[in-house]
Colleague: 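This is the structure, below, for whatever I ask next.
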Amino acid sequence: MACPLSLNEEEKLVWNLYPNPASTVLNVSLDATSVDVLNFYDSRGRLVESYQVNQNLMSINTSNWASGMYHVQALGNNYITTKTLIIQP
């Protein structure tokens, strides 16, 4: 399976994390038809949580997560995109 190095405008994945920074709840809005999995990694690269995507708006409880920077990875059919998330007390 070949993975493209770039995407056409119409193929780009549009997704948002809010609020960012977050403290107790993180909302993720995305196109559930193009994203299969959301992975959350801490600043050391350890997988903290992984979610199968089955809806366009997800609310994730982050109240037990340590404060700091996280990388949120969205995996789709032939691509991976990453955003940065800050968790604060």
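This is a predicted model, so every value here is computed, not measured.
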Colleague: Atom CD1 in I87, atom OG in S63: separation rounded to 0.5 Å?
Modeller: 9.5 Å

Colleague: Identify whether Y51 and V28 are in the same connected component of the hydrophobic contact network (ILVMFWY, side-chain heavy atoms under 4.5 Å).
Modeller: yes

Colleague: Within a strict 4.5 Å, meaning less than it, do heavy atoms of the T84 and H71 side chains meet?
Modeller: yes

Colleague: Using the rule that Ile, Leu, Val, Met, Phe, Trp and Tyr join whenever any side-chain heavy atoms are under 4.5 Å apart, tell me whether F40 and L75 fall into a single cluster.
Modeller: no

Colleague: Quick one: pull up CD in Q52 and CE in M58 and give me the separation to the nearest 0.5 Å.
Modeller: 9.0 Å

Colleague: Taking all heavy atoms of D36 and all of G76, pick out the closest pair and write down the distance.
Modeller: OD2-C, 3.8 Å

Colleague: Considering non-hydrogen atoms only, spot the tightest contact between P19 and V25 and give its length.
Modeller: CD-O, 3.7 Å

Colleague: Can you tell me how far the CZ atom of R44 sits from the OH atom of Y70, to the nearest 0.5 Å?
Modeller: 11.0 Å

Colleague: Nearest 0.5 Å, what's the CH2-CG distance between W65 and D42?
Modeller: 10.0 Å

Colleague: Just how far is it from atom CG of L30 to atom CG of L38, taken to the nearest 0.5 Å?
Modeller: 5.5 Å

Colleague: Does anything in residues 14-26 form a side chain to side chain donor-acceptor pair (under 3.5 Å)? List the pairs, not counting sequence neighbours.
Modeller: W15-T81

Colleague: Quick one, L17 with V72, criterion side chain to side chain contact (heavy atoms under 4.5 Å, CB included). Give me CA distance, side-chain angles, the key distance, then yes/no.
Modeller: CA-CA 9 Å; L17 305 172; V72 185; 3.8 Å; yes

Colleague: If I take atom CG from residue L85 and atom OG1 from residue T62, how far apart are they, to the nearest 0.5 angstrom?
Modeller: 7.5 Å

Colleague: Is the shortest heavy-atom distance from the side chain of I80 to the side chain of Q73 under 4.5 Å?
Modeller: yes

Colleague: Can you name the residues that form a ring-ring contact (aromatic ring centres under 6.0 Å, His included) with Y41, not counting sequence neighbours?
Modeller: none

Colleague: Measure the shortest side-chain to side-chain distance between V37 and N39 over non-hydrogen atoms and say whether it is less than 4.5 angstrom.
Modeller: yes

